[in-house]
Structure formats: C-alpha cells, structure tokens
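Since the structure comes first, as structure tokens, the remarks are kept for the end.
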Amino acid sequence: MEEGFSEWVILEYSQIIRDIGPQNLILTSLPAGTTSKDIPQQLLDMGLQWTTDECVDIEEGGIDKTRVCLLDPGADEDLVPEDKAKFDYFVFGGILGQHPKIDRTGILRRKYGFAGRRLGELQMTTDTAIRTTQKIIEGGKKFEEIEFLDYPEIKYNKYESTEMPFRYIVDENGNPILPEGMLELIKHDAEQSIDDLLLE
C-alpha cells in the first residue's frame, strides 16, 4: 500500500465497504507507524479494518497460504465459480488499480507462492475487480457472462469528456458502475486541469 489516501482511493474503498461489508475487507501492509489518525475518518466511520501487518499475518499463527487467491493479471487461469470451494481469501487492492500498470502483484507471487487467478486481460479499478470477484464467487457467474464496458468516455457536458483507462462492470442501463462521488471527482479534476492550462 502506498502512503496516503487520495480522494480517488477513499471513494473506491468506501464503495467496496458498501458492496461487501466492512467485515469482509482488510487493508493490509500499510506503512509501518501508521495510526488511526492516518486513516481517513470517512473510512473509519464505515468500519474499515486495517493493519500494518502483511496479508499472511492477519490471523494469529498466520493464514493457510493454500487458501489464498491472488488476483493476478499474470496468472495462467481465470477465476471461476468453482474456486469458491478452494479459497477463503482474495488478495487485491492498489495492486490492480495502478495506471499505467506495474507488476506489484509479482512481488506477492514470488514472496508467498499464492495461487493466482486472472480477471480477464484488461485492467480494472480496485472496486471493479472486487465487484467482479464477488459476482463470480458469490453469484456463481462465469467471467464471460458479466457485462463490461472498456475505456468508457465520461462526459461532463456537451463539449467535454474524459476516457477512463479501465474496464468497468455496467449497470442495467449499460452505464459503467463507478463509486459514489467519482463522477463529481473526475469532473472536478478535469476542471482543475483546464484551469492549470489556462494559467500557464
């Protein structure tokens, strides 16, 4: 986990907590010395669990590494509904949310030898990766049965838009599912960028 919580990360983790419940999410490997004062109050109020320990140490005596699935773009196998019987933990996070993509996942792959599973070939935001995993593991859907939209164009008004460099699950209207407040943040960031250009 990188130091600090950007507005983007706060919105993503808030949505993840809403989607799966605070009891099912643990942020691990936060920088040594992190205290509750370093965690955004919004996330604490939602019941976020967090630790500076590594993911293998979240239970006393350690966890069974054979029951851990690493969501890994470099894996040879796709995640399937049958994996529900094989795994108790799914490891992802900022690992999948980095753009441009860097192989931070490879560090965990080499260090712990976790079994890896892939969520297709295109990069997702962290909340989308978790939403996809939930649909496969809890909902019993195959990956190819989930409807996605790749690199959607987010329009703020008649003239301005931004292309998002990720794959998203779509809602019943075919719109990409974004965390609550994300559209407003994207629009605000775009306006700030335009203001910066005008000031140069």
Side-chain angles (χ1 to χ4, degrees), residues 1-75 79 87-117 119 123-134 137-138 164-166 168 177-186 188-189 192-193:
M1 178 76 185
E2 62 275 4
E3 290 195 39
F5 289 79
S6 67
E7 289 182 76
W8 182 288
V9 167
I10 294 170
L11 291 179
E12 278 198 357
Y13 286 131
S14 295
Q15 190 61 50
I16 292 165
I17 292 171
R18 282 190 287 270
D19 287 349
I20 66 173
Q23 71 278 10
N24 294 315
L25 175 69
I26 304 174
L27 286 193
T28 67
S29 309
L30 289 172
T34 299
T35 70
S36 58
K37 292 179 180 177
D38 300 311
I39 309 295
Q41 191 61 46
Q42 177 178 332
L43 296 177
L44 292 176
D45 291 345
M46 296 180 78
L48 176 71
Q49 300 181 77
W50 63 274
T51 179
T52 56
D53 293 337
E54 300 221 9
C55 57
V56 292
D57 298 320
I58 58 174
E59 289 185 3
E60 192 172 336
I63 60 175
D64 182 353
K65 295 175 189 175
T66 66
R67 302 290 298 175
V68 177
C69 176
L70 177 64
L71 277 298
D72 183 355
L79 186 69
F87 302 114
D88 299 317
Y89 300 93
F90 295 87
V91 178
F92 32 14
I95 296 165
L96 294 181
Q98 187 75 20
H99 184 81
K101 184 165 61 178
I102 57 177
D103 190 25
R104 279 192 286 183
T105 315
I107 298 169
L108 292 175
R109 186 191 314 127
R110 292 186 293 272
K111 188 172 183 179
Y112 297 119
F114 293 145
R117 294 292 187 272
L119 295 173
Q123 192 173 9
M124 302 175 180
T125 59
T126 308
D127 62 297
T128 301
I130 291 177
R131 189 172 296 114
T132 303
T133 299
Q134 186 181 33
I137 297 300
E138 292 185 2
M164 303 300 290
F166 302 107
Y168 292 89
I177 299 176
L178 303 173
E180 288 181 19
M182 187 61 76
L183 277 177
E184 291 78 7
L185 179 60
I186 293 169
H188 177 265
D189 286 350
Q192 290 294 109
S193 298

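Only heavy atoms go into these numbers, but all of them, side chains included; no hydrogens, no water, no symmetry mates.
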* Asked: How about Gln49: does its CD atom have over 12 heavy atoms from other parts shown lying under 6.0 Å from it?
  ->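 Counting other residues, nucleotides and ligands, CD of Gln49 exceeds 12 neighbours.
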* Would you mind checking if Arg131 and Asp19 are paired as a salt bridge, meaning a charged N to carboxylate O distance below 4.0 Å? =>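 Counted as a salt bridge, because a side-chain N and a carboxylate O are separated by less than 4.0 Å.
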Heavy atoms only: give me the nearest [X]-[Y] pair and the separation to one decimal.
X      : Y     : value
Leu79  : Cys69 : CD1-SG, 4.2 Å
Gly74  : Asp72 : N-OD1, 2.8 Å
Gly47  : Pro22 : O-CB, 3.3 Å
Ile186 : Trp8  : CG1-CZ3, 4.2 Å
Cys55  : Ile63 : O-CD1, 3.5 Å

* **Set of side-chain contact (heavy atoms from CB on, under 4.5 Å) partners for Asp57, sequence neighbours left out** =>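 With neighbours one apart ignored, the set is Asp53, Glu54.
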* Leu27/Thr51 under side-chain contact (heavy atoms from CB on, under 4.5 Å): CA gap, chis, key distance, verdict -> CA-CA 6 Å; Leu27 286 193; Thr51 179; over 6 Å; no
When rounded to the nearest 0.5 angstrom, what distance separates [atom1] in [X] from [atom2] in [Y]?
X      : Y      : atom1 : atom2 : result
Phe166 : Asp127 : CZ    : CG    : 10.0 Å
Ile39  : Phe5   : CD1   : CZ    : 4.0 Å
Phe92  : Leu71  : CZ    : CG    : 5.0 Å
Thr133 : Phe87  : OG1   : CZ    : 11.5 Å
Lys111 : Lys65  : NZ    : NZ    : 9.5 Å
Ile137 : Thr132 : CD1   : OG1   : 11.5 Å

* Could you give me the CA-CA distance, side-chain angles and deciding distance for Gln42 and Ser14, then say whether side-chain hydrogen bond (donor to acceptor under 3.5 Å, both in side chains) is met? => CA-CA 8 Å; Gln42 177 178 332; Ser14 295; 2.8 Å; yes
* Start with the C-alpha distance between Val56 and Phe114, add both sets of side-chain angles, then the distance that settles side-chain contact (heavy atoms from CB on, under 4.5 Å), and finish with yes or no. => CA-CA 10 Å; Val56 292; Phe114 293 145; 3.5 Å; yes
* side-chain contact (heavy atoms from CB on, under 4.5 Å) between Thr34 and Trp50, intermediate numbers included -> CA-CA 10 Å; Thr34 299; Trp50 63 274; 3.8 Å; yes
* **Criterion side-chain contact (heavy atoms from CB on, under 4.5 Å) on Asp88 and Val68, from CA distance to verdict** => CA-CA 6 Å; Asp88 299 317; Val68 177; over 6 Å; no
* Please check if the side chain of Gln15 supplies one atom and the backbone of Glu180 the other of a donor-acceptor pair under 3.5 Å. =>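 Confirmed, Gln15 side chain pairs with Glu180 backbone.
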* Test item: Thr128 side-chain N/O and Met124 main-chain N/O as donor-acceptor pair under 3.5 Å ->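 Not confirmed, Thr128 side chain does not pair with Met124 backbone.
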